[in-house]
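Have a look at the structure below before the remarks.
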Amino acid sequence: MDEASFTLHVNGKTHQVQADPATPLLYVLRNQLGLNGPKFGCGMQQCGACMVLVDGFAHPSCQLQVHRVGAAPITTLEGLTCPDGSLHPVQQALVELQAAQCGYCLNGVAMCAAGLLRQYARPDEQTIRNALFRVLCRCGTHERYIRAVQRAAELGASG
Amino acid sequence: MPSRRAFLQDTGRLTIAFCLLGALPAAAEALAADDPRPGSLQDNPRLNAWLEVLADGRVRVLTGKIEIGQGIGTAVAQMAAEELNLPLSRVEVVLAETGRTPDERYTAGSASIEQSALSVRWAAAAARQQLLQLAAKRLRVPAATLQLADGAVRTTDGRQRLTFAELLQGRQLTGEVPADTVLKPQNQHQVVGQPLRREEIERMVRAAPVYVQDMRLPGTVHARVLHPPAPGARLRGVDEAALHQAVPSLLRVVVDGSFVGLLAADEWTAIKAHDWLKPRLQWTPGPALPAGKPLPQVIRALPAKVDEVARRGDVGSAPAAGEKTFRATYFKPYLMHAAIGPSCAVALFEKGQLHIWTHSQGVYPLRAAVAKLLGLPEDQVHAKGVPGAGCYGHNGADDVAAEAALLARAYPGRPVRLQWTREDEHLHEPYGSAMLFDLQARLDARGRLTHWHMELWSDTHSARPAGQPDKLLPAQLLAKPFEYKRAELSGGTSRNSEPLYQIPNLLVNAHSFAGPLRVSALRSLGAFGNVFALESGMDELAQLAGQDPYDFRLAHLTDARARAVIEEVRRLTQGVQLGPNEGLGVAFAQYKNQAAYLAVVARVWVSPEDHTPWVRQLWAAIDAGEVINPDGLRNQTEGGLIQAASWTVLEQVQFDEQQVRSHDWESYPIYRFDEVPRVEVSIVSRPDQPPLGAGEAAQGPTAAAIANAVHRACGVRVRELPIRPWKLAPSPKES
């Protein structure tokens, strides 16, 4: 299909991009906007590596065609970091608890956690597990990720 | 991400560094028995192979290992910081790169601490001695009156001070790291043994370009490949004209035999071309896969070469009165590495030089293999390790690097970034072999084990390229293919097949077969299956002897460290109150019978409605000798427990006659967040003992502990993995 022009609102900034309307948002974010947060994992919405926030809700970007994004604000892992460089409570907690092994799935965990904490400031463990359900981790870092989301909730409440 | 120029400048440094090309790694058995230095250091004894002092006073350490989520960079930096009294922030770590770092072959076998980190410790200690001697000469004072602090040598009275850079004046430390190098005494350690943070985790949360997938060299073209649907399938042809018509912006179609690659200026175009072509390619099918019969039967019928692994006493003697004989057969299926990020590589062929950026576990063996695949001299191939997603052994990393190299040669002057699809990884990575175990054991009248006879069947657990092209996936697809040379029985098959228990009559035989699916090294190699069988058997034998499973194991163990980890998990779980349909199970192994000791207890609830085994919690006690970074050890062990639980309960590569059918996360499910157990790790600290490889120690014991817990929870003994719900439904006979 022919390329078209799209206006995307990503991490608080407005971007004009030229793309085939069927292009999944993942490739626009990574290859046109140079973002590293969302990762390619499966391209089938099965693993969560490509998770972003669409209008504040965690959503995989690997099958979300760019023409369907419209005016919805997109937040990637980069966008969780404050403009002054300080970290979002989820990012702080991940570092504090050293919650990563290879870290390839960390994006999915961080974005789902950020989306969760916007809705529920103090989720219990089962709610956290449910919120991370769409993210696959192969290193077995789950325990630390769950603790990190609990810690992020504490940091968010105090911050 | 540095520019392409910076990447190349970085690689160009090899010309002014040292030359390692001629150095052949000594075989482990050839190492001098009385040489106290780690094997990697004996292979690469030059101090500046491991350590350089930078002009700004920082120290750069070089390791031949790659970061695969295990935190090796931090551990190596801790070693250097400790010996040189430097803050960790002033130690830079360079990971595996040909021509630059020592050749340590593969990052495998849980050997990175035992080999690489210890080599750096020795090199840094030797550097300290050299720096002290240099300073003594310059300051004309005895070396004993000098000390190292903060990147400088100073007199103990603090009056005179020379930084490392001032001492060296642009030169580097030279010479070999001597065998009589004095290491800093353990009781003076301040950095080693501390749970220091991995600096790359901060970069990960900031979405910095950490992975090879994140590399964006200027002018990069994006590639996809199309693989035969099954082993042995051959390409009939490609309608390139139709493809170009369908996807006009496609740059290039590369076809060599049954190898098909597609190049495009942008990634989405490459994907569209791939998806258009995939259903239109015609393949001649390969040999049918043996899908009609249960896999254990198939394996037993395959021709096999038998090797004796261990023998003592006589397992053939006739049973005496009061003795009890036990027989059981166990099985583990083919398992996947199943990395979350499919394999990826970047390659650039420019001015006769091939550069490869790869998450391979061994850049030197990969270089040698790719050089032969492409018919290039080795010195025209450069491979640099860049992290990828966790691999847990030999996955598609080497294959994708070789394929990227083939495509880069076909499209010179432009970096080629090849990204495998999810299906590429699921269908074409080499799996961990299926294994079968026949155990026959005997108890005397007092319930002591007198006989242990294990016959085990396995395909190889080691088919890494190892410098040869034939084991690279594309090598067999090319118009001029390289014939696959099967590895002889590898140590990986028999790993942990010999019990650590004291049993007077013992025989272990390994039957090595060539199975239907592509296989190689998966985390812990044969140990996962062997320990599952061995430790399930120990539990069944304890029951037959009417003994407690802890007491039964301890009664047959003399090794105090083995006993200590078993006692520790017993202590950890003493107060656990079980609900209905719940059980606890224990298992133990010393990884490779020579690395870390680890015992696990699993708590499992088996749903009375649908018989799903829910692993609620896993407790582990681990003794890995001296611990360099306790948080790193804990993280690796937690991960091993959870991954092994997923293998045990869920995983099995499925295939029919035509092809493997486990092609995505729905057809090959792994644990998700709603299923994973809580995990708790207790470290049995042995600071006075050498560090022991630990990254794979949890795999085998976890499987057996879960099977043992399942048996206690619902009374069903599962001897064939995975432990699926339908295997736990009460059989009509029992009900």
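Lettering follows sequence order; numbering is per chain, from 1.
Counting heavy atoms from C-beta on, the side chains of Glu423(B) and Met44(A) never come closer than 4.5 Å. The closest side-chain heavy-atom distance from Leu641(B) to Glu143(A) is not below 4.5 Å. The shortest distance between side-chain heavy atoms of Val205(B) and Gln92(A) does not fall below 4.5 Å. By the 4.5 Å heavy-atom criterion applied to side chains, His142(A) and Val679(B) are not counted as neighbours.
Using a 4.5 Å cut-off between heavy atoms, Tyr27(A) contacts chain B through its side chain alone, with no backbone atom that close. With a 4.5 angstrom heavy-atom cutoff, Leu106(A) touches chain B only via side-chain atoms. No part of Val28(A) comes within reach of chain B, as not one of its non-hydrogen atoms sits under 4.5 angstrom from that chain. Residue Ala100(A) touches chain B through both its backbone and its side chain, counting heavy-atom pairs closer than 4.5 Å. With a threshold of 4.5 angstrom between heavy atoms, Ser646(B) approaches chain A through side-chain atoms but not through N, CA, C or O.
Listed options Asp266(B), Ile271(B), Ile642(B), Thr269(B) were ranked by heavy-atom pairs under 4.5 angstrom with chain A; first place goes to Ile642(B).
The aromatic rings of Phe673(B) and Tyr145(A) sit tilted relative to each other, their planes meeting at an angle between 30° and 60°.
The closest side-chain donor-acceptor pair between Gln98(A) and Asn635(B), if any, does not fall under 3.5 angstrom. Side-chain polar atoms of Asn31(A) and Glu267(B) form a donor-acceptor pair below 3.5 angstrom. Side-chain N/O atoms of Asn36(A) and Arg203(B) include no donor and acceptor closer than 3.5 Å.
For Tyr104(A) against Gly341(B), the heavy-atom pair with the smallest separation is CE2-CA, 3.3 Å.
When each of Arg198(B), Glu638(B), Gln636(B), Gln70(B) is tested with Gln101(A) by the rule side chain to side chain donor-acceptor pair (under 3.5 Å), just one qualifies, namely Gln636(B).
Residue-level contacts of residues 55-79 of chain A with chain B, in order of numbering, are Leu77(A), Glu78(A); threshold 4.5 Å between heavy atoms.
Going from atom CZ of Arg523(B) over to atom CZ of Arg138(A) covers 9.5 Å, rounded to the nearest 0.5 Å.
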